Q: 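Dumping the structure here so I can ask a few things about it.
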Amino acid sequence: MGRESDAKGDAKLKQKGTKLKRLSDRENAGSGGDLIKKRSSKSKEKKNDGSPKQVREVLEPVGSCSDLVKLELQGDFTEKKKKGLKRKRVKDEPIEEEAAFVSERGIKPLSDEEASEGEAQKKESKKKPKKTVKKEEEEQPVTKKPKRSKEEIEEAKMLKMKKKEEEEQSRWRWWEEERYEDGVKWKCLEHNGPYFPPEYQPLPDNVNFFYNGKKMKLSLAAEEVALFFAQMLDHEYTTKKVFRENFFRDWRKEMTHQERLVISDLEKCDFRELHAFHKDKVEARKALSKEEKQAQKDANQKIVDKYGFCLLDNHRERIGNFKLEPPGLFRGRGEHPKQGMLKKRIQPEDIIINCGKESKPPAPPAGHHWKEVRHDNTVTWLASWTENVQGSIKYIMLNANSKLKGEKDWEKYEVARKLKSCVDSIRDGYLRDLKSKQMVTRQRAVALYFIDKLALRAGNEKEEGETADTVGCCSLRVEHITLHDELDGNDCVVEFDFLGKDSIRYYNKVPVIKKVFKNIKLFMESKDPGDELFDRLNTALLNKHLSSLMPGLTAKVFRTYNASITLQQQLQQLTNKSDNVAEKLLSYNRANRAVAILCNHQRAPPKTFEQSMANLHSKIVARKEQLALAKTELKLAKKELKTRGSPDSKLQSVVDRKAAAVKRCEDQLLKMEVQATDREENKQIALGTSKLNYLDPRISVAWCKNMDVPIEKIYNKTQREKFAWAIDMTEADFEF
DNA sequence: TTAATGACTTAGGATTATGTTG
DNA sequence: CAACATAATCCTAAGTCATTAA
């Protein structure tokens, strides 16, 4: 009940905080300086403190990413071993454990293709020590641990494969079906509603909160929230002022009147026992026995079985996020003004259920009711609620491998391909517009130039004070760019430095054409650092223009298009049919990385990065020493052979052996050095996002077919499920 | 015409599962 | 087999963009 009033409060706040309105833009170029939208320049200080995690040095313009990536070795998944196992392992690799929990009549042996696949393989390989991955050759029964009979092994294998076949058969090949009429997303939809997180369990009596040094028993509600804070104590952000203030304010709201009177200063709160309690709990969970862990897993599976799926048009589809978000403290990204606020527990009374008219609506938890049950088949969500921190709506939707998501994804790439066919004329258009008399048009042209060339995001306006201060193209401010008439031998260089989505820093120095450069200079004239660069432009205007150029065209399509086309080009450039699989994969990952760099997909360097890098380097050093040793030995042997004068077959073979050792050593050294370089380069680059969201999977599938690379090397199981449509329909001659 | 809302995609970090190594 | 490294999965925040309401 408090929830509703909260939401209202938020809405009001928003109104108040709304930025000055943009002024209309009827003026001509060059005369608009007075109409600039003002923005408090406090925002600018924000940006640079807290030194953004990552800096990317220089980004190549689209389509010229050639030297982005030096070397790539380590491949995405567990390629190496898979590869080894790939073809033949089937036959008689012992699969001991397997047989244990699967027991069913078998099916005929796997085709070798199948056998290697996915989990079957993974499981097997982990279970047994695995004799260094057999090379492709038919492995004989080999060692074989005595435990299980051959039949059992066979049986397990068949079982596996049967399961797989079944899975294959039950897969809904929606991409072969006709689409629904506009707007209709489904005809029948049935599900069991969301899964609620467990109730709060009160602390045991021996775990206490202390205020000002005195033990204090908290009410249930206050205790729960206190525990949220205590759990995070190891995190740096619990030391941040904003976080602490937000937390404390919201915590006090949960307290009883009595508690509120006493607890007035967060500094005087001692959560240490709660913190320790939580840590112990985590430890205990880790220390569970095998059986207990298995029991947990089984219980979990049951929940998934019941709540994790829905029935959509008579097909069982996986739900993406069927578990409701548990309560906790909000942690936004970057310098979020709302960090630390209490994210409340969601009640059934907050939830709107969406399902088919004819279907039986899910039952609310006993003693509760849903906020509403509706039957809207023009949307794809199964349940929704309004979240209390930002006041936005959250949804329960289907998994990425579902028809609903897949179809949309496919469509997205089709739009991007359509852009390919008209991108030239669109480029001509905005280049022409750079000289327009209209200020808006010029701004639009420059913005488009950025979006196209640099793959910037559109940059919607955001309410100040409600979220972290981040920008995209249209919302760039003067403070985010620096102009250099000349820099590092290039003319007309624009230096970008701003925080984008998720407060990831975008840093780039780009040479641009003169007309663009001059325009930017013009836009910046007599503006303050905190003023918008494109003061006449917004995303609505931009997209309206784009959709008039091509139906379905919006700013983000350029990102998709440029990402995919870059992958295709890079793959073509980098791979040779004659390469071996490892080399091909290397090239693929390089191409992928070129895209990730283009899209600025960064990650925090892995926690263990420095360590593992150091390990690798010390290995390299060791190997170098070994190499030096091998070399001197070789030299010695050679000398001896020479002094002998007459040919000596024995000595000769020694020399040969030494030479081979040197060679081997060199190879290994090279490989490690390559790996080191590669890892170093990938330190801050995340390949996953582009692979999942920007690269038309059909490009990859076609490449695999052309290059004789198994698709499993490129996509893991989840990814193969998501891209099943592409894997199924794509021929080798596909062109994006 | 603009602001707010709604629905959906995109995103990186945290957590968990798996695999490797000493 | 413990300790560690890496990959997969989970989680949910933060964008985009069209529609709706004021």
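Keep in mind it's a predicted model, so treat the numbers as computed, not measured. Letters A, B, ... mirror the listed sequences (proteins, then strands); counts begin at 1.
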Q: Taking 4.0 Å as the cut-off, does a side-chain nitrogen or oxygen of Lys501(A) come that near to OP1 or OP2 on dT16(C)?
A: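 Indeed not, no polar side-chain atom of Lys501(A) lies that close.
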Q: Scan Thr380(A) against the nucleic acid and name what it touches under 4.0 Å (heavy atoms): base, sugar-phosphate only, or nothing.
A: sugar-phosphate
Q: Check the orientation of His235(A) and Tyr237(A). Use parallel for under 30°, tilted for 30 to 60°, and perpendicular for over 60°.
A: parallel
Q: Is Lys405(A) near enough to dC8(B) that one of its side-chain N or O atoms lies under 4.0 angstrom from OP1 or OP2?
A: no
Q: Can you tell me whether the side chain of Lys394(A) and the base of dT12(C) have a donor-acceptor pair closer than 3.5 Å?
A: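 A donor-acceptor contact between them is absent.
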Q: Return no unless some side-chain N or O of Gln390(A) is found under 4.0 Å from OP1 or OP2 of dA14(C).
A: yes
Q: Could you tell me whether the phosphate oxygens of dC17(C), OP1 or OP2, come under 4.0 Å of any side-chain nitrogen or oxygen in Asn543(A)?
A: yes
Q: Checking all strands, does Gly500(A) fall into the base, sugar-phosphate, or nothing category for heavy-atom contacts under 4.0 angstrom?
A: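 Sugar-phosphate only.
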Q: So, is His601(A) near the phosphate of dA11(B), with a side-chain N or O under 4.0 Å from OP1 or OP2?
A: yes
Q: Taking any heavy-atom pair under 4.0 Å as a contact, classify Lys286(A): base, sugar-phosphate, or nothing.
A: nothing
Q: For Ala458(A), answer base if it contacts any base atom (sugar-phosphate contacts may also be present), sugar-phosphate if it contacts only those atoms, and nothing otherwise; contact means non-hydrogen atoms under 4.0 Å.
A: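 It contacts sugar-phosphate atoms only.
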Q: Any side-chain N or O of Lys556(A) below 4.0 angstrom from OP1/OP2 of dT10(B)?
A: yes
